[in-house]
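Down below is the structure, laid out as structure tokens.
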Amino acid sequence: MGGSVSCCISPGESPKIHRREVELEECPITTTEDVSEDTGTYLQHISDRELPDELAQEANPSDHPRASTLFLNKSQTDGQYFSVKDVIVIYFFTRLISLSYFLPISVREKRKSNYMNHVRLLTKKYSSCSTIFIDDSTVSQPNLKSTIKCVALAIYYHIKNRDSNRSLDIFDEKKHPLTREKVPDDYSVVDPEHKLIYRFIRTLFSSAQLTAECAIVTLVYLERLLTYAELDICPCNWKRIVLGAILLASKVWDDQAVWNVDYCQILKDITVEDMNEMERHFLELLQFNINVPASVYAKYYFDLRSLADDNNLSFPLEPLSNKRAQKLEAISRLCEDKYKDLSKAAMRRSVSVDNLVGIKNSQAVLS
């Protein structure tokens with residue numbers, strides 16, 4: 001797909017937030033492709049376009065399911081991320097060990113073991129005969145709050161462990177502010193905290209009523225932008241890059257997308273023209289590659305789960321209800337029936353030597 005995509009819209013309200021049924025006019029598409037007198041304008045489909053040779057598999061985790069994600073590598077180069085609660089627990093634990101140093105070894109070990117067991121009971125939930133705790137987050141239906149926290153943490157590590165400060169003017173918050181408030185002088189050198197990034201993303205997702213799947217696609221687009229355009233997400237540009245990725249992910253993923261004017265209602269001081277210009281630049285830097293294969297999506301989901309486990313951001317456990325148990329049982333039976341049907345169909349089509357095991361009482365054909 002060549003040229004530029006214009007998603008400019010008239011100031012109004014979208015059906016996403018207020019749930020009104022309106023007809024959506026087609027967005028005008030302008031192209032700058034060469035026009036041939038014989039063949040006319042040629043638009044190449046995104047699925048037919050090959051990636052540039054210099055974009056190797058290892059450098060593009062957003063395109064290849066086997067390549068390691070950038071945010072997971074960034075997080076592993078840093079020390080363990082502890083919350084305030086973890087720091088307090090570690091402090092009192094070390095004090096307890098130091099105070100009991102002069103006790104006999106057997107007493108010290110017993111106290112240490114009892115203390116660790118007490119901490120586990122306070123921080124973990126265990127299933128019993130009467131109650132079974134399960135994780136309510138799946139690949140197809142992730143937990144919204146936990147997913148946003150993990151995506152914010154991934155962006156936090158991107159900023160903290162960035163290689164340099166490569167950026168573009170379109171994403172610079174000083175040149176394109178999101179609010180009318182004065183941008184601090186140290187806006188480009190102070191790294192944002194994880195909570196600040198989480199609040200920014202949570203506000204957009206809550207106001208625009210976006211899903212958890214959109215958060216994962218947002219991270220895919222963000223890492224694809226950093227790779228394709230050779231940029232770094234840093235304190236001066238992280239808000240506009242995240243906003244552009246959310247804007248694009250919501251339009252691609254959701255059937256009823258949020259319009260640009262809706263984000264202007266969430267961020268009161270930004271204009272529609274600025275949103276349209278940022279969206280056009282974002283698409284051009286992505287080379288209009290907005291396709292996210294299911295394998296890449298699943299890889300990012302499970303890598304976010306790994307990031308949560310490494311940083312004590314566990315997904316919530318919920319008691320297994322009767323309704324949820326019946327639903328899981330129905331899904332299990334459905335998958336089992338499909339597997340049996342596929343096995344029977346494969347047996348009926350078995351005519352090769354490799355599948356003679358499944359053929360019984362076969363009559364020999366003599367010529």
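What you are looking at is a predicted structure, and each value in this text was computed from that prediction instead of being measured.
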(request) Determine, using ring centers only, whether Tyr297 and Trp253 are less than 6.0 Å apart. (result) yes

(request) Determine whether the side chains of His158 and Glu223 contain a donor N or O and an acceptor N or O closer than 3.5 Å. (result) yes

(request) Compare all side-chain heavy atoms of Ile216 with those of Lys299 and state whether any distance is below 4.5 angstrom. (result) no

(request) For Arg333 and Ala330, indicate whether the former's side chain and the latter's backbone hold a donor-acceptor pair under 3.5 Å. (result) no

(request) For the residue pair Val217 and Tyr300, establish whether any side-chain heavy-atom pair is separated by less than 4.5 Å. (result) no

(message) I'd like to know if Val242 and Tyr187 are part of one continuous hydrophobic network [Ile/Leu/Val/Met/Phe/Trp/Tyr, side-chain heavy atoms within less than 4.5 Å].
(response) no

(request) Would you name the heavy atoms of Thr211 and Phe205 that are closest together and state the gap between them? (result) O-CE2, 3.1 Å

(message) Which heavy atom of Pro235 sits nearest to which heavy atom of Ile159, and what is that distance?
(response) CD-CG2, 4.0 Å

(message) In the structure I gave you, are the side-chain heavy atoms of Tyr198 and Lys145 within less than 4.5 Å of one another anywhere?
(response) yes

(message) Between Asp169 and Lys174 (salt bridge meaning N to carboxylate O under 4.0 Å), is one present in this structure?
(response) no

(message) I need the Glu173 CD to Asn237 CG distance, nearest 0.5 Å.
(response) 9.5 Å

(request) Please examine the side chains of Ser188 and Asn165, heavy atoms only from C-beta on, and report whether any two atoms are closer than 4.5 Å. (result) no

(message) Would you say that His176 contacts Met278 through its side chain, given a criterion of any heavy-atom pair below 4.5 Å between the two side chains?
(response) no

(message) Under 4.0 Å between a side-chain nitrogen and a carboxylate oxygen: does that hold for Asp172 and Lys239?
(response) no

(request) Taking atom types as modelled, find out whether Asp191 and Tyr156 have a side-chain donor-acceptor pair closer than 3.5 angstrom. (result) no

(request) Please report the closest heavy-atom contact between Thr147 and Ala212, naming both atoms and the distance. (result) CG2-O, 3.8 Å

(message) Given Leu226, which partner from the list Leu285, Leu231, Asp163, Asp232 fulfils the side chain to side chain contact (heavy atoms under 4.5 Å, CB included) test?
(response) Leu231

(request) State the CD1-CD1 distance between Ile170 and Ile241, to the nearest 0.5 angstrom. (result) 11.0 Å

(request) Could you check if a side-chain atom of Leu248 sits within less than 4.5 angstrom of a side-chain atom of Leu286, using non-hydrogen atoms only? (result) yes

(request) Measure from the ring center of Phe171 to the ring center of Trp238 and say whether it is less than 6.0 Å. (result) no

(message) Using 0.5 Å steps for rounding, measure from the NE2 atom of His64 to the CZ atom of Arg66.
(response) 8.5 Å

(message) Any carboxylate oxygen within less than 4.0 angstrom of a Lys/Arg side-chain nitrogen, looking at Lys340 and Glu336?
(response) yes

(message) In the structure I gave you, are the side-chain heavy atoms of Lys195 and Arg199 within less than 4.5 Å of one another anywhere?
(response) yes

(message) For Ile290, is there any backbone N or O sitting under 3.5 Å from a side-chain donor or acceptor partner on Tyr221?
(response) yes

(message) Looking at every non-hydrogen atom in both residues, tell me the closest pair between Val296 and Ser62 and how far apart they are.
(response) CG1-O, 3.5 Å

(message) When you group the ILVMFWY residues by side-chain heavy-atom contacts below 4.5 Å and let the links chain together, are Leu267 and Val183 in the same group?
(response) no

(message) Using modelled atom types and a 3.5 Å cut-off, is there a donor and acceptor pairing between side-chain atoms of His281 and backbone atoms of Asn276?
(response) no

(request) Would you kindly say whether Glu181 and Thr179 are connected by a side-chain donor-acceptor distance under 3.5 Å? (result) no

(request) Report the distance from atom OH of Tyr301 to atom OG of Ser140, rounding to the nearest 0.5 Å. (result) 8.5 Å

(message) Strictly below 4.0 Å, N to O, side chains only: are Asp269 and Arg180 in salt-bridge contact?
(response) yes

(request) Evaluate the side chain to side chain donor-acceptor pair (under 3.5 Å) criterion for residues Tyr157 and Asn73: first the C-alpha distance (whole Å), next the side-chain angles of each, then the deciding distance (0.1 Å), finally the verdict. (result) CA-CA 9 Å; Tyr157 278 121; Asn73 292 334; over 6 Å; no

(message) Looking at Ile148, is its backbone amide N or carbonyl O close enough to the side chain of Arg202 to form a donor-acceptor pair, meaning the two atoms are under 3.5 Å apart?
(response) no

(request) May I ask you to decide if Asn143's main-chain N or O and Ser146's side chain share a donor-acceptor pair within less than 3.5 Å? (result) no

(message) If I take atom CD1 from residue Ile266 and atom CG from residue Leu243, how far apart are they, to the nearest 0.5 angstrom?
(response) 9.0 Å

(request) For atom CG of Asp185, decide whether the heavy atoms of other residues, nucleotides or ligands shown that lie under 6.0 angstrom number more than 12. (result) no

(message) If you apply the rule side-chain contact (heavy atoms from CB on, under 4.5 Å), what do you find for Leu219 with Leu304, and how did you get there?
(response) CA-CA 10 Å; Leu219 185 59; Leu304 286 173; 3.8 Å; yes

(message) Strictly distance-based, threshold 3.5 Å: is any side-chain N or O of Asp262 a donor or acceptor partner for the main-chain N or O of Trp259?
(response) yes

(request) Show the numbers, then the answer: is there a side-chain contact (heavy atoms from CB on, under 4.5 Å) between Asn291 and Asn289? (result) CA-CA 6 Å; Asn291 179 44; Asn289 182 14; 4.0 Å; yes

(request) Grab the two heavy atoms, one from Cys214 and one from Leu210, that are nearest each other, plus how far apart they are. (result) SG-CD1, 4.2 Å

(message) Quick check: is Val189 connected to Ile155 through a chain of hydrophobic side chains (ILVMFWY, heavy atoms under 4.5 Å apart)?
(response) no

(message) Can you confirm whether Thr69 sits close enough to Phe302 that some side-chain heavy atom of one is under 4.5 Å from a side-chain heavy atom of the other?
(response) no

(message) Quick one about Lys251 and Asn260 (side-chain donor to acceptor, distance below 3.5 Å, no hydrogens or angles considered), yes or no?
(response) yes

(request) Indicate yes or no for a side-chain donor-acceptor contact from Lys74 to the backbone of Lys160 under 3.5 Å, with no hydrogens or angles considered. (result) no

(message) As an exercise, state the distance from CD of Gln287 to CZ of Arg224, rounded to the nearest 0.5 Å.
(response) 10.0 Å

(request) Take Ile246 and Tyr263 through the side-chain contact (heavy atoms from CB on, under 4.5 Å) test and state the conclusion after the steps. (result) CA-CA 10 Å; Ile246 293 176; Tyr263 290 99; 4.0 Å; yes

